[in-house]
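To start, the structure itself, in structure tokens.
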Amino acid sequence: MAIFDKFKQLAATRRTLAQCGLASVNVVMEKLLSPTEAIVNGRRTILAGTNNYLGLTFDPGCIDAACRALHESGTGTTGSRAANGTYSGHVALEKELADFFDCRHAIVFSTGYVANLGMIATLVGPGDAVVIDADCHASIYDGCTLSRADIIRFRHNDPADLDKRLRRLGDRAANALVIVEGLYSMLGDRAPLAEIVTVKKRYGAYLMVDEAHSLGVLGDHGRGLAEETGVAREVDFIIGTFSKSLGAIGGYCASNHPELDLIRFANRPYLFTASPSPSVIASTRQALATLRARPELRLRLWENAHHLYHRLQDLGLTLGPEISPIVAIRMNSPEETVRQWCALLERGVYVNLVLPPASPDGGALLRCSMSAGHTPEQVDQIADIFAALQEPGNAPGPMV
Ligand code: PMP
């Protein structure tokens, strides 16, 4: 049984946390009522931890497009893009993504995780260097590991530290791939992209930006942080996902480098997994069109983000460093976090539970993500429930 020995520590941690309610952490959405409500544990629950930023998961246009594609093209492609899995919808979506980002090329992947894995492991290899923000998502770390390039981390959002690390690389810096995110998924803070671009240009390095949480959220057209910062032309590769603002599943890379089209044929996570189902592609295309046609969704999202941030701030909670649709509450201990998370769920609010090592600086978080689909009343209900838990009589009890 030796291969299982390494999980003993994990089992012990989960046992400890179960004592304060973690047993119910495997939340089952028993019935979805809307983008922002579901029945959970038999109770009507406000969903405040879904990444459904534009609330498009129940958009009638997206659902119709998906249903039509199911009838016309079937339930799945049953193969990879390189074999039998490239349908006209995949090609059309790639053109639409390239057009949206004002880039020459785009590649569609089966998930955002696979997009990071595929692009990083194909662009860099043994002998190259990949220089990443320390708080990057697991899929970026895993892509780096798969690439077998030298992995160098710089301090989160610290362009001076990035500069130092590139300088140390000497001649290799000109070939290095620098990777940052637009909005960071745990605390909702932006990368200082203008400064990062200045540094990468100083060394002639390449820059990849994962805009998973900023597509549809930042920029005048919703293209992300690169657009908002005015540096889109300086970003070599934009990575993203269909699983947040676009309400489906899948990933992409957009780029102006002419080689992008060619390197898809050297990209193992692109070549060796089945392509997204036609219905997923169809709803994603419709969601992208809706994102472009309805900027008011982005405005509503930001109104909700401001509203929740200010209400929670007024309660004296310690929040992430800037207002964004990701509203993170810093907690004192994993145990307290689990207790609060359970208490919120019991009162009808679902948020994300973030425990070490998933949290950025070793702390524990309760993470809310706002949606354009939340009504102002729902945002108030979320804040009211946080407020009720602050009252001494209502604070979740100590661990038993
Ligand atoms: N990048 C970032 C920054 C993410 O937060 C995520 C998902 N949480 C991904 C990539 C992976 O996206 P997907 O869910 O499409 O695999």
Side-chain angles (χ1 to χ4, degrees), residues 47-54 56-57 81 90 93 97 106-121 123 130 132-147 153 156-157 177-191 193 196 207-218 223-226 235 237-254 267 269-270 273-277 280-281 283-285 287-288 291 320 324-328 351-355 357-360 365 367-371:
L47 303 177
T50 59
N51 306 314
N52 197 352
Y53 296 120
L54 301 184
L56 291 179
T57 47
R81 293 290 303 276
H90 297 103
L93 179 54
L97 284 166
I107 306 182
V108 163
F109 291 87
S110 300
T111 66
Y113 180 91
V114 166
N116 270 326
L117 226 54
M119 287 310 302
I120 299 167
L123 288 168
V130 58
I132 66 174
D133 185 289
D135 281 4
C136 275
H137 187 256
S139 56
I140 293 172
Y141 274 91
D142 291 356
C144 294
T145 305
L146 188 66
S147 76
R153 298 191 313 165
H156 176 55
N157 276 355
L177 178 65
V178 175
I179 310 180
V180 300
E181 293 180 21
L183 272 185
Y184 281 87
S185 56
M186 290 295 131
L187 293 175
D189 48 336
R190 291 168 169 83
L193 206 52
I196 285 167
L207 177 62
M208 174 181 281
V209 181
D210 182 336
E211 301 263 26
H213 292 270
S214 27
L215 171 72
V217 173
L218 298 180
R223 292 179 200 148
L225 183 66
V235 175
F237 307 98
I238 294 173
I239 294 282
T241 174
F242 306 151
S243 70
K244 307 190 192 300
S245 287
L246 300 177
I249 180 169
Y252 60 88
C253 174
N267 197 318
Y270 170 87
T273 196
S275 59
S277 299
V280 164
I281 294 293
S283 81
T284 302
R285 291 180 63 193
L288 184 62
L291 181 161
S324 96
I326 298 163
V327 183
V351 303
N352 301 123
L353 173 65
V354 185
L355 299 174
S359 46
L365 303 171
R367 174 190 181 274
C368 306
S369 62
M370 284 292 91
S371 170

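Atoms within a ligand are numbered from 1 in the order they appear, just like the ligands themselves. Keep in mind that what you see is a predicted model, and the values were worked out from it rather than measured.
- Take T57 and apply the side chain to side chain contact (heavy atoms under 4.5 Å, CB included) test, not counting sequence neighbours, and it matches P35, N52.
- Using a 4.5 Å cut-off on side-chain heavy atoms (C-beta onward), D135 and E181 make no contact.
- Here R153 pairs with nothing under the salt bridge (charged side-chain N to carboxylate O under 4.0 Å, His left out) rule; sequence neighbours left out.
- The contact shell of ligand 1, taken as protein residues with any non-hydrogen atom closer than 4.0 angstrom, comprises T111, G112, Y113, N116, H137, S139, E181, S185, D210, A212, H213, T241, S243, K244, G250.
- Closest approach of S275 to S110, counting heavy atoms only: CA-OG, 3.8 Å.
- Ring-plane geometry between F109 and Y270 is classed as perpendicular, the angle between the planes exceeding 60 degrees on a 0 to 90 degree scale with a lower cut at 30.
- Remark: S324 engages L183, W302, I326 in a side chain to side chain contact (heavy atoms under 4.5 Å, CB included) (not counting sequence neighbours).
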